[in-house]
Amino acid sequence: MSKATEPNTESEGVIESVSGPVVTAVDLEAPMNDVVYVGHEGLMGEVIEIEGNVTTIQVYEETSGVSPGEPVESTGAPLSVDLGPGMLDSIYDGVQRPLDELQEKMDSAFLDRGVDAPGIDLEATWEFTPTVEVGDAVGNTDIVGTVPETESIDHKVMVPPDSLPEGETAEITAVESGRFTVEETVAELETGDEIQMRQQWPVRQARPTVDKQTPTEPLTSGQRILDGLFPLAKGGTAAIPGPFGSGKTVAQQSLAKFADADIVVYIGCGERGNEMTEVIDDFPELPDPQTGNALMARTCLIANTSNMPVAARESCVYTGITIAEFYRDMGYDVALMADSTSRWAEAMREISSRLEEMPGEEGYPAYLAARLSEFYERAGYFENINGTEGSVSVIGAVSPPGGDFSEPVTQNTLRIVKTFWALDSDLAERRHFPAINWNESYSLYRDQLDPWFVENVAENWPEQRQWAIDVLDEEAELQEIVQLVGKDALPEDQQLTLEVARFLKEAWLQQNALDDVDQDCPPWKTHQILGVIKSFHDEAFDALDAGVPVDEITGIDAVPRLNRTGTVPDDEASAFIEELETDITEQLRSLY
Amino acid sequence: MKEYKTITEISGPLVFVETDEPIGYDELVEIETPNGETRRGQVLDSSSDHVAIQTFEGTSGIDRNSSVRFLGETMKMPVTEDLLGRVLDGSGDPIDDGPEIVPEERRDIVGAAINPYAREYPEEFIQTGISAIDGMNTLVRGQKLPIFSGSGLPHNDIALQIARQATVPEESDDGDEDSEFAVIFGAMGITAEEANEFMDDFERTGALERSVVFMNLADDPAVERTVTPRLALTTAEYLAFDKGYQVLVILTDMTNYCEALREIGAAREEVPGRRGYPGYMYTDLASLYERAGRIKGLKGSVTQIPILTMPSDDITHPIPDLTGYITEGQIMVDRDLNSQGIQPPVDVLPSLSRLMDDGIGEGLTRADHGDVADQLFAAYAEGEDLRDLVNIVGREALSDRDNRFLDFADRFEETFIQQGYGTDRDIEDTLSAGWELLSMLPTEELNRVDEEFIEQYYHEDGERVEATADD
């Protein structure tokens, strides 16, 4: 939605008062959630409350200098996004204005006010190839043709989901191939409807589908601890809460880079400017691990940094998920990262307190839980109306104040999401990354995903994982004793368990996000590394039973190589691990 | 200009006035008291028939007959290169008896956000001459790295040491002469005594020449504190992005700034957030901290070191907590180290510089820097853990390996962290000090350092550490 594409405004009101991002106007005829333009500069805003003749508006731009008496215009449409080819490889602010274009239009490195730009380029032309013929019957969201949007992704042009009455079809009366702009008609229906590549959809409303299904396929992440212990399903929801400095953003970025999704929508919601710049600089350079093309070719970035207007921060998660749903409708698996949902909740709180609403817990509005669950419910594995299947997986970072997970945003999020990756500042302080605490985290998808892992990776996947969990559990208990009496006071078998747990942590759970190889670990490698640690464990306990002291067991030449397995390139890894396994067995057996 | 004598209510720092024309949000206001004094303020809330004004200098002396003038513009900072070497008060007026400042331009103090697309990612090393920072939590140009401290801790000494010593090492640059440094010092609510210390030090060391000082003292109006950092940052942006300076902004003490925010919030009867601080404090702090950075195609940079004292050393208090979520790391000043006499008492374990990894290494500092820092972290963390254990079981009960790490931790504090406020260590000195320490450990324990570096820098004889003085 942008003024550039919606020149016709309908009703006019007058500003009555201004207080930060909240403006009230009188005599404005606009329904709830309609977009309005405020003041002489035409600042974009949204109606959030109507009381008698007074309409309250949240403004998506800085309001310094705006005075009562200035006009307010209504557009007669709710906050919407432009959907069409060109969204990938783009970087938007919270209301889908392309940041690169804003910089050009403002001719400044700083964000000015009242400048607008359409979400997708209206001038660019795209090569349209029809997939239907004249006479074919099509229904809502049916695909009528494709456009090569980027080198990685074919954009499917669909009938808008609200063009025909539900369940009905209409015949195509005209369809053309060739190069078109997003506003030119590429097909016509017998009803007279014209289909363009560009659609609009209100951000606060989920795009319709037929059915939500139980996800059975994992969204593999390239992160050993996630795939190995706490997997996320395609269409699943996950939360990453953690205090500052515990690596939330690095974890989110790793997921954005290595998750096996077709499309990634990355929302930087109220976070640091320099971090967004890192993403903007890095993603075009990095190869997509699946296609080898630039990562940006499958990515849409939404950046609303912490100093950008607070109301746009509130809307940016909706902008993001609507874009995600659009690609889902095409049959793609979409992963959406929101960093951080706490900033979104805080934006709600800020607006709510300006409206002088009765606060709920810790000043958050009483509807916090409802908004969070509404948002996460838009994730899922869906059967689309056009018969394709697609998914939206949502991974939300949470920034609990003081690292205290009992605060409202974390708690309300945990009630909804099924995967919980708890970041831990103690681990981060030890430079154990990813600093995900294996004792506190959980995934409720484990059981429903096991069949996939068994079929596609290894038959003993579930058993081996359970073994790792058992060792780590035992280690946690033993550590409590060690804290009291020291390690040397433990019996030898327990000391050996601690050593094995150390390898689990160092060689398997830890992963170096800065190492070119180690940063992305495919599931088979995750499984093999765990496998070699397990065989070390089995052989080591045999040796211990035969009377070999722990020092000698852990002192064998092959052991230091365990910690290096993660950095061995994928094509050599199998051989390396196999050789390591043989060496461990031989060296341990030679001790007794 | 129209004058109003229609004040309806005065409460704390706020004045409510009835008006008959529209007044812009954030607009500047002058209020003249019956005895002729002029107070300044800013519109906080504006509706068609009345406005709420936040006064910078307090409301005492203002009565319902005072006259109110609306200046028709938002607050501006007069900027010019001549500001360097000057001392201003918290509202930007000179207090050093120097010549009048002729501004080149007047800039809105509510800076616009930098378009993330136009930012340049920070990756150039700033040498502070402090090992705990350069070696372990490296600062880079365009970063915002706060110092988290507590009452009674020497954060001011650290700030002064940084202000004095900060440089951009020549060899890390591409040779051009663009590394001119400027320091902007924004003091909010510091005591007159502290202010004198700062000024004496600035004058004595000649640092004043390259500095602009903004002073809001403890007995200056609290509301003015909400303006001081914005004046400082507006000046910083001008010097950096228009004049090409590498600007370091030191803001002290952010805790006082947040208290002022809370005071205004309470006076406006806003719904309070955690501990009475306003719900928009995150956004407000972000609008300051995010003004650090670099811009593509421009020479200069704005680097920020905000200082805050954590109430009762509590890092989960809303002020350090929200700050930590916005800034790119933090430097922690530690009470125990301070009582041991370590100068500067920086605890490196909870400290962090998020931008460090991109700012160090070959061509920037030295190729082994990352590995050395990692290894020092790991070994010191292990030593720290063992200290808890020693308290329970005693040193004798520990293995040789554990004892070695305990010694390492002690030595690390005594020779690496400890350096004195007067010592400027360049990055080579810092890394050599690091290697002296690592040489206390057997090479097998150095699992985070590349073998090539071990060969190059490791001393076989760990005892040599004894000989190194903390120069």
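A note on names: the letters A, B, ... follow the listed sequences, proteins ahead of strands, and every chain is numbered from 1.
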Next on the checklist: So which residue, Thr316(B), Asn115(B), Asp26(B), ends up with the most heavy-atom pairs under 4.5 Å with chain A?
Outcome noted: Asn115(B)
Checklist entry - Side-chain contact, heavy-atom cut-off 4.5 Å: Arg119(B) with Asn274(A)? => result yes
Checklist entry - Does the side chain of Asp388(B) come under 3.5 Å of the side chain of Gln483(A) through a donor N or O and an acceptor N or O? => result no
Item to check | Polar side-chain atom of Arg272(A) near backbone of Thr327(B) as donor-acceptor pair, under 3.5 Å | outcome: yes
Item to check | Most contacts with chain A, counted as non-hydrogen pairs under 4.5 angstrom, among Ala378(B), Gly329(B), Pro350(B) | outcome: Pro350(B)
Item to check | Top of Pro122(B), Ala112(B), Pro278(B), Pro116(B) for chain A proximity - count of heavy-atom pairs under 4.5 angstrom | outcome: Pro116(B)
Checklist outcome for this item: Honestly, the part of Leu99(A) sitting under 4.5 Å from a heavy atom of chain B is both
Next on the checklist: For Val23(A), which atoms come within 4.5 Å of any heavy atom of chain B: side chain, backbone, both, or neither?
Outcome noted: neither
Checklist entry - Out of Asn447(B), Asp385(B), Leu386(B), which one racks up the most heavy-atom pairs below 4.5 Å with chain A? => result Asp385(B)
Checklist entry - Backbone N or O of Pro400(A) within a donor-acceptor pair of the Tyr325(B) side chain at under 3.5 Å? => result yes
Item to check | Which of Arg313(A), Glu278(A), Glu350(A), Arg343(A) touches chain B most, by non-hydrogen pairs under 4.5 Å | outcome: Arg343(A)
Item to check | Within-4.5 Å side-chain heavy-atom neighbours: Tyr117(B) and Ile280(A) | outcome: yes
Item to check | Contact origin within Lys248(A) toward chain B - heavy atom pairs under 4.5 Å | outcome: side chain
Checklist outcome for this item: Smallest heavy-atom separation, Ser67(A) atom then Pro22(B) atom, equals CB-CB, 3.9 Å
Item to check | Contact leader toward chain B among Gly363(A), Pro359(A), Gly273(A), Gly69(A), where contacts are heavy-atom pairs under 4.5 Å | outcome: Gly273(A)
Checklist entry - Among Leu111(A), Asp488(A), Leu484(A), which residue forms the greatest number of heavy-atom pairs with chain B at distances under 4.5 Å? => result Leu111(A)
Checklist entry - What are the two closest heavy atoms between Gln103(A) and Ala118(B), and how far apart are they? => result NE2-CB, 3.4 Å
Checklist entry - What residue, out of Glu382(B), Arg294(B), Arg354(B), has the most heavy-atom pairs lying under 4.5 Å from chain A? => result Arg354(B)
Checklist entry - Passes side chain to side chain contact (heavy atoms under 4.5 Å, CB included), Ser17(A) versus Asp45(B)? Steps please. => result CA-CA 7 Å; Ser17(A) 75; Asp45(B) 222 341; 5.6 Å; no
Checklist entry - Among Ser19(A), Ser353(A), Ser425(A), which residue forms the greatest number of heavy-atom pairs with chain B at distances under 4.5 Å? => result Ser19(A)
Checklist outcome for this item: All heavy atoms of Ile114(B) vs all of Asn307(A), minimum pair found to be N-ND2, 4.2 Å
Next on the checklist: I need the residue from Ile15(A), Val14(A), Thr63(A), Leu301(A) with the largest number of non-hydrogen atom pairs under 4.5 Å to chain B.
Outcome noted: Thr63(A)
Item to check | Neighbour count >12 (heavy atoms, 6.0 Å) for atom CD, Gln479(A) | outcome: yes
Next on the checklist: Could you walk me through whether Tyr282(B) and Ser306(A) satisfy the side chain to side chain contact (heavy atoms under 4.5 Å, CB included) test, starting with their C-alpha distance in whole Å, then the side-chain angles of each, then the deciding distance to 0.1 Å, before giving a yes or no?
Outcome noted: CA-CA 8 Å; Tyr282(B) 178 83; Ser306(A) 55; 3.8 Å; yes
Item to check | Which portion of Ile295(B) sits near chain A, non-hydrogen atoms under 4.5 angstrom | outcome: side chain
Checklist outcome for this item: On a heavy-atom basis, the closest approach of Thr277(A) and Tyr121(B) is CG2-N, 3.8 Å
Checklist entry - Side chain, backbone, both or neither: which part of Val279(A) has a heavy atom under 4.5 Å from chain B? => result neither
Checklist entry - Who wins among Ser287(B), Ala113(B), Ala292(B) for the most heavy-atom pairs under 4.5 Å with chain A? => result Ala113(B)
